[in-house]
*Asks:* 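Have a look at the structure that comes next, please.
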There are 2 protein chains.
Amino acid sequence: MGVLHDAMTPKRSVPPRSTRQRQAVLSALHARGAFTSARDLHEALEADGVAIGLTTVYRALHVLNRTGRVDVIREKTGERLYRPRPEDGHRHYLVCRACGLSKVVEADAVERWAENVAEATGFAEVEHTVELTGVCGDCRVGPAARDSAG
Amino acid sequence: MGVLHDAMTPKRSVPPRSTRQRQAVLSALHARGAFTSARDLHEALEADGVAIGLTTVYRALHVLNRTGRVDVIREKTGERLYRPRPEDGHRHYLVCRACGLSKVVEADAVERWAENVAEATGFAEVEHTVELTGVCGDCRVGPAARDSAG
DNA sequence: GACCTTACGATAATGATTATCGTTTGCGAT
DNA sequence: ATCGCAAACGATAATCATTATCGTAAGGTC
């Protein structure tokens with residue numbers, strides 16, 4: 001895993017509806033590319049003239065997470081950050097602390113390690129969260145805040 | 001690392017004072033053994049007849065974390081959980097979702113992996129957070145809430 | 001014991017997330 | 001097209017952990 005998700009949501013008899021707001025959230029998320037908070041997303045949407053409630057943004061993000069469209073990580077403050085999930089299904093990120101740039105990283109080694117730990121300890125249903133942060137090459141040379149650019 | 005910590009606190013010219021409250025927090029933390037929330041700790045202390053403010057519990061935990069006496073992990077809800085750091089300096093835990101039991105696990109493999117990722121991506125000052133959760137053997141057979149027992 | 005500083009703690013504020021609940025709307029069936 | 005109903009919306013209030021404020025208390029050094 002490596003990112004948070006709603007585990008064990010068994011089945012959804014009724015598929016989620018396609019609403020203007022939900023599409024707007026997903027498209028705004030893609031427009032960003034980088035990890036974005038629900039609040040930022042809401043502001044960006046309203047700035048673009050999209051009428052949408054903050055509650056709905058949260059709801060949309062939950063749904064999109066449940067349906068596997070977005071990944072979630074958590075800031076040190078506890079704030080959740082969202083980003084559209086890349087097609088290949090990778091799920092581990094290395095996030096720049098300075099500009100927010102995120103890279104998908106290979107984590108097969110960690111997957112295997114987690115499985116081994118599960119066996120060795122007798123724990124069941126072991127989930128793991130792996131979050132990497134650092135300072136990217138660009139920010140090392142010039143600590144610029146390219147936050148808004150994405 | 002694997003647990004949150006106040007990075008880069010450069011130096012502390014004045015050492016923290018030894019107060020009744022701070023000692024009480026540390027001892028209450030040891031009495032628990034397992035990861036405990038600040039609120040639970042505060043309740044336990046007051047139940048033991050220790051007069052202490054919630055604010056002070058938070059402050060004490062911060063100080064103890066800064067001085068390397070306690071480790072911190074974060075729940076899915078964002079709540080912080082504390083526990084005294086074992087002497088050997090290990091820092092990765094596997095926590096039971098049912099009863100809160102925590103086990104220290106070997107994580108050398110993860111340490112090396114994180115370092116490799118740092119090199120491969122050109123990121124600097126890479127920190128990693130690894131949190132494992134699962135259901136321990138006891139809770140698999142009988143899903144008892146041994147929450148208060150520790 | 002004085003003094004300076006750190007620590008305390010009651011209270012209020014913060015800030016993200018979730019609950020409530022009446023209204024709106026997607027959408028399959030008619 | 002329209003009906004009906006559950007899903008979705010959204011304004012507002014609530015929750016809840018954590019942090020800020022600021023006047024008071026108490027380490028510890030002289």
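Letters go in sequence order (proteins before strands), and every chain restarts at 1. Just so you know, these numbers come straight off a predicted model, no measurement behind them.
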*Asks:* Dump the intermediate steps for salt bridge (Lys or Arg N to Asp or Glu O under 4.0 Å) on B/Lys76 and A/Glu127, then the final yes or no.
*Replies:* CA-CA 12 Å; B/Lys76 290 201 172 178; A/Glu127 294 181 21; 3.1 Å; yes

*Asks:* Look at the side-chain N and O atoms of A/Arg22 and state whether any lies under 4.0 Å from the OP1 or OP2 oxygen of D/dA8.
*Replies:*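 Affirmative; the distance criterion is met.
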
*Asks:* What is the nucleic acid contact for B/Ala60, judged by heavy atoms within less than 4.0 Å: base, sugar-phosphate only, or nothing?
*Replies:*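 No contact at all - B/Ala60 keeps every heavy atom at 4.0 Å or more from the nucleic acid.
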
*Asks:* Could you work out how much the helix from C/dG1-D/dC30 to C/dT30-D/dA1 bends, comparing the axis of its first five pairs with that of its last five, to 10°?
*Replies:*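 Taking the rotation axis at each end, their angle is 30°.
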
*Asks:* Would you mind telling me which of D/dC9, D/dA8, C/dC8 lies closest to the side-chain atoms of B/Thr56?
*Replies:*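 Selected nucleotide (nearest to the side chain): C/dC8.
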
*Asks:* Could you please name the option among C/dT17, D/dT18, D/dA6 that lies closest to any side-chain atom of A/Arg17?
*Replies:*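 Nearest to the side chain of A/Arg17 among the choices is D/dA6.
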
*Asks:* Please determine whether a side-chain nitrogen or oxygen atom of A/Arg39 lies at a distance below 4.0 Å from atom OP1 or OP2 of C/dA16.
*Replies:*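 Answer yes for this pair, as a side-chain N or O of A/Arg39 is under 4.0 Å from OP1 or OP2.
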
*Asks:* Is A/Val70 linked to A/Val63 within one hydrophobic cluster, defined over Ile, Leu, Val, Met, Phe, Trp and Tyr using a side-chain heavy-atom separation of less than 4.5 Å?
*Replies:*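 No: no chain of side-chain contacts under 4.5 Å links A/Val70 to A/Val63.
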
*Asks:* What's the closest nucleotide to the A/Tyr58 side chain, out of C/dT17, C/dC27, D/dT19?
*Replies:*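 Per side-chain heavy atoms of A/Tyr58, the pick is C/dT17.
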
*Asks:* Using a heavy-atom cut-off of 4.0 Å across all strands, would you classify A/Ser18 as base, sugar-phosphate, or nothing?
*Replies:*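 Sugar-phosphate contact only - A/Ser18 comes under 4.0 Å of backbone atoms but never of a base.
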
*Asks:* How many Å lie between CG on B/Leu81 and C1' on D/dT18, as a whole number?
*Replies:*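 Rounded to the whole Å, the gap is 14 Å.
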
*Asks:* From C-beta outward on A/Thr55, which listed nucleotide comes closest to its side chain: C/dT17, C/dC8, D/dG10?
*Replies:*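 Of C/dT17, C/dC8, D/dG10, D/dG10 is nearest to the side chain of A/Thr55.
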
*Asks:* Check whether any side-chain nitrogen or oxygen of A/Gln21 sits under 4.0 Å from OP1 or OP2 of D/dG10, and answer yes or no.
*Replies:*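 A/Gln21 to D/dG10 OP1/OP2: side-chain N or O found under 4.0 Å.
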
*Asks:* At under 4.0 Å between heavy atoms, what does B/Arg59 touch on the DNA or RNA strands: base, sugar-phosphate, or nothing?
*Replies:*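 The answer is base, as B/Arg59 lies within the cut-off (heavy atoms under 4.0 Å) of a base atom.
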
*Asks:* Output yes when at least one side-chain N/O atom of A/Arg20 is less than 4.0 Å from OP1 or OP2 of C/dT24, else no.
*Replies:*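 Negative; the distance criterion is not met.
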
*Asks:* Where the side chain of B/Arg97 meets the backbone of A/Glu125, is there a donor-acceptor pair that is under 3.5 Å apart?
*Replies:*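 Between the backbone of A/Glu125 and the side chain of B/Arg97 there is a qualifying donor-acceptor contact (under 3.5 Å).
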
*Asks:* Which pairs with one or both residues in residues 38-49 of chain A pass salt bridge (Lys or Arg N to Asp or Glu O under 4.0 Å), sequence neighbours excluded?
*Replies:*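 Listed by first then second residue: A/Arg39-A/Glu43, A/Arg39-A/Glu79.
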
*Asks:* Which one of A/Leu26, A/Val72, A/Val25, A/Thr56 satisfies the side chain to side chain contact (heavy atoms under 4.5 Å, CB included) criterion with A/Leu61?
*Replies:*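 Of A/Leu26, A/Val72, A/Val25, A/Thr56, side chain to side chain contact (heavy atoms under 4.5 Å, CB included) with A/Leu61 is met by A/Val25 alone.
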
*Asks:* Think A/Thr19 has a side-chain N or O under 4.0 angstrom from the OP1 or OP2 of D/dC9?
*Replies:*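 Checking A/Thr19 against D/dC9: at least one side-chain N or O falls below 4.0 Å of OP1 or OP2.
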
*Asks:* Quick one: is D/dT19 close enough that its OP1 or OP2 comes under 4.0 Å of any side-chain N or O from B/His62?
*Replies:*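 The answer is yes; a side-chain N or O of B/His62 sits under 4.0 Å from OP1 or OP2.
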
*Asks:* How long is the straight-line distance from CD1 of B/Ile52 back to CG of B/Leu45, given to the nearest 0.5 Å?
*Replies:*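 Spacing of CG (B/Leu45) from CD1 (B/Ile52) equals 5.5 Å.
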
